[in-house]
Protein chains: 2
Amino acid sequence: MSKPTARERILAAAVGQIAREGIDGVRIARIAMEARVSSALVHYHFETRDALLAEALDYSYQRAGEARIAGEDERPGASHADRLQSMIDGSLPTTPGLTEDWVLWVELWLRAARHPDLRPVAEELYARMHAWFRDAIAAGVKDGEFNRCDPDEVADRTLALIDGYGIRTLIGDGAIPLERARSAVARALAQDLGLGETLQAGEPARNAARAASRPVRTAPSM
Amino acid sequence: MSKPTARERILAAAVGQIAREGIDGVRIARIAMEARVSSALVHYHFETRDALLAEALDYSYQRAGEARIAGEDERPGASHADRLQSMIDGSLPTTPGLTEDWVLWVELWLRAARHPDLRPVAEELYARMHAWFRDAIAAGVKDGEFNRCDPDEVADRTLALIDGYGIRTLIGDGAIPLERARSAVARALAQDLGLGETLQAGEPARNAARAASRPVRTAPSM
DNA sequence: ACGCAAACTGATCACAAAGTCAGGATGGTT
DNA sequence: AACCATCCTGACTTTGTGATCAGTTTGCGT
């Protein structure tokens with residue numbers, strides 16, 4: 001991967017521009033400039049503007065989803081709680097790269113809301129994330145690290161919280177700082193799983209009976 | 001309001017088109033057609049396309065936020081839990097009108113993420129929603145209907161859940177049906193407030209001491 | 001060295017869409 | 001009736017941009 005081909009440069013420029021300017025803001029002349037090629041070459045490699053955008057989005061979604069999951073998937077010594085925490089971190093807009101992914105993700109939401117034919121794309125991405133969380137939670141339950149619960153439901157709720165808090169931080173760190181979003185999601189998940197206040201320093205529940213006798217916390221902390 | 005002026009028809013057409021086609025998809029020729037005026041008149045009433053769009057969005061956001069809050073605000077006999085529940089219903093895309101509002105809302109997210117100067121607009125809308133939930137929760141706590149908790153934090157979490165589940169249903173009823181989203185948000189909130197499984201048939205906590213000795217539920221229901 | 005296909009370019013076309021302008025209709029005031 | 005301001009229109013100009021095309025360069029197989 002030392003010398004990216006012109007085609008790859010075009011694709012990369014397209015992805016960057018979609019994130020920065022939005023799908024509708026993409027201009028092939030600008031892509032050409034950014035990739036240091038003539039705009040005619042863009043049309044040589046990609047039939048039409050829409051085809052280029054479709055391929056760029058597909059490429060980006062695929063890459064983002066895989067990187068997120070692959071990165072956190074096979075970690076030998078980590079506890080289930082640790083894996084969940086780092087997956088949450090990798091799912092919130094914690095880095096510039098992830099923020100870019102988020103913007104594309106929101107763009108997909110919007111288009112899917114308007115064009116039903118895009119919904120399968122969005123649903124598949126959701127399904128992948130859901131499956132990851134569901135399996136991680138189920139595994140933790142099976143190993144006695146977490147309380148008994150419905151992994152599907154907890155996974156859904158966690159995804160919703162990630163999306164909700166993620167959006168909020170994306171819009172402006174003023175409203176909800178990233179760190180607060182992180183801990184809020186983690187704490188809610190820890191609560192669902194019967195851990196303490198946090199995923200990281202999780203005092204494992206070991207058995208549901210003990211958890212069942214623990215008093216409910218009166219306030220979600222201050 | 002029997003005879004909407006041409007200016008109003010133009011504005012209404014703009015709002016509708018933004019929701020249907022997206023901000024970038026708006027064509028003033030089409031707006032003119034829809035409002036049964038010439039496209040020159042659009043430019044007569046609105047300096048420029050951007051000015052029209054800005055006014056249309058502002059109008060729509062203002063209206064949506066106010067309608068949502070005003071509708072659920074002053075209800076005489078309702079319990080705090082009931083008011084929360086109906087506010088949740090009014091905040092999820094439960095009707096075609098609300099779905100349209102949602103699409104505009106997501107569009108604002110996207111733009112605010114890219115253009116920091118739009119963030120105050122988004123943050124103000126969030127602040128309004130947050131304040132409503134915070135106050136409603138605090139009032140319920142004060143009256144002993146809910147458990148003691150940090151209203152600010154519970155409000156934030158509720159908003160995050162609304163956004164997260166709302167998006168999910170917006171994208172396709174296939175993934176998460178609206179009804180499941182509704183109950184999921186309500187159940188999570190009920191849990192935070194120390195109620196039973198649901199907001200509607202809430203068994204009031206009355207005092208925090210009793211709530212503190214209640215066992216944590218082992219599973220978020222099936 | 002030759003030939004040939006793939007990669008690439010500058011110039012240009014075609015068209016959609018925002019914005020302008022000169023003037024016509026309408027309704028109110030004196 | 002005469003006047004004027006507001007509302008409104010059809011026709012036109014301008015611009016930005018996606019797409020095309022004729023032709024040039026590059027690299028590779030024989």
Side-chain angles (χ1 to χ4, degrees), chain A residues 1-60 103-104 107-108 110-111 114-115 117-118, chain B residues 1-60 103-104 107-108 110-111 114-115 117-118:
Chain A
M1 59 182 66
S2 47
K3 285 220 188 303
T5 67
R7 194 175 196 282
E8 286 164 342
R9 290 204 309 276
I10 292 169
L11 220 43
V15 171
Q17 232 171 90
I18 293 173
R20 261 176 293 126
E21 316 281 345
I23 291 182
D24 295 303
V26 171
R27 301 286 164 253
I28 62 161
R30 204 163 20 181
I31 288 178
M33 230 185 56
E34 216 169 294
R36 279 160 305 128
V37 297
S38 69
S39 53
L41 189 68
V42 177
H43 279 96
Y44 172 77
H45 282 296
F46 302 90
E47 196 73 18
T48 165
R49 192 189 102 115
D50 279 356
L52 164 58
L53 291 180
E55 192 160 330
L57 282 176
D58 205 61
Y59 168 76
S60 156
V103 173
L104 292 184
E107 188 106 35
L108 178 62
L110 200 52
R111 311 239 151 201
R114 285 199 270 254
H115 301 291
D117 49 312
L118 269 176
Chain B
M1 56 183 62
S2 46
K3 284 218 187 301
T5 67
R7 194 176 195 282
E8 287 165 340
R9 289 204 310 275
I10 291 170
L11 220 42
V15 171
Q17 234 173 86
I18 292 174
R20 261 176 292 124
E21 317 279 345
I23 291 183
D24 296 304
V26 170
R27 301 286 164 253
I28 61 160
R30 203 164 19 181
I31 289 179
M33 229 184 58
E34 216 168 293
R36 280 161 303 128
V37 297
S38 68
S39 51
L41 188 68
V42 177
H43 280 97
Y44 172 78
H45 282 295
F46 303 91
E47 196 73 18
T48 165
R49 191 189 101 115
D50 278 356
L52 164 59
L53 292 180
E55 192 160 331
L57 282 175
D58 205 61
Y59 168 76
S60 156
V103 173
L104 292 185
E107 188 106 35
L108 178 61
L110 200 52
R111 311 241 151 200
R114 285 200 270 253
H115 301 291
D117 51 310
L118 269 177

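Here is how names work: the chains are called A, B, and so on, in the same order as the sequence lines, proteins then strands, and each is numbered from 1.
Sorted by first then second residue, the side chain to side chain donor-acceptor pair (under 3.5 Å) pairs that include residues 41-57 of chain B, not counting sequence neighbours, are B/Arg7-B/Glu55.
Not counting sequence neighbours, the partners of A/Asp58 by the side-chain contact (heavy atoms from CB on, under 4.5 Å) test are A/Gln62. Not counting sequence neighbours, the partners of A/Ala19 by the side-chain contact (heavy atoms from CB on, under 4.5 Å) test are A/Glu100, A/Leu104.
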>> Please encode protein proximity along nucleotides 8-17 of chain C as a string of B, S and -, counting only heavy-atom distances under 4.0 Å.
In response: BBB------S
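Here the rule is side chain to side chain contact (heavy atoms under 4.5 Å, CB included) with A/Leu52, and of A/Val42, A/Val26, A/Leu57 only A/Val42 fits it.
For the atom pair A/Leu53 CG and A/Ser60 OG, the distance stands at 12.0 Å (nearest 0.5 Å). Atoms CD1 and CD1, from A/Ile31 and A/Ile10 in turn, are 8.0 Å apart once rounded to the nearest 0.5 Å.
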Which side-chain N or O atoms in residues 33-40 of chain A pair as donor and acceptor under 3.5 Å with protein atoms at least two apart or in another chain?
{"unit_1": "A/Glu34", "atom_1": "OE1", "unit_2": "A/Gln17", "atom_2": "NE2", "d": "3.2"}
{"unit_1": "A/Glu34", "atom_1": "OE2", "unit_2": "A/Arg20", "atom_2": "NH2", "d": "3.2"}
{"unit_1": "A/Ser38", "atom_1": "OG", "unit_2": "A/Leu41", "atom_2": "N", "d": "3.3"}

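Closest of all the heavy-atom pairs between A/Ile18 and A/Glu107 is O-OE1, 4.4 Å.
Rounded to whole Å, atom P of C/dT20 lies 7 Å from atom NE2 of B/His43. As a whole-Å value, the separation of B/Leu52 CG from C/dG19 P is 10 Å.
Mapping heavy-atom proximity under 4.0 Å, the span of DNA chain D touched by chain A runs 5' to 3' from D/dT17 to D/dC21.
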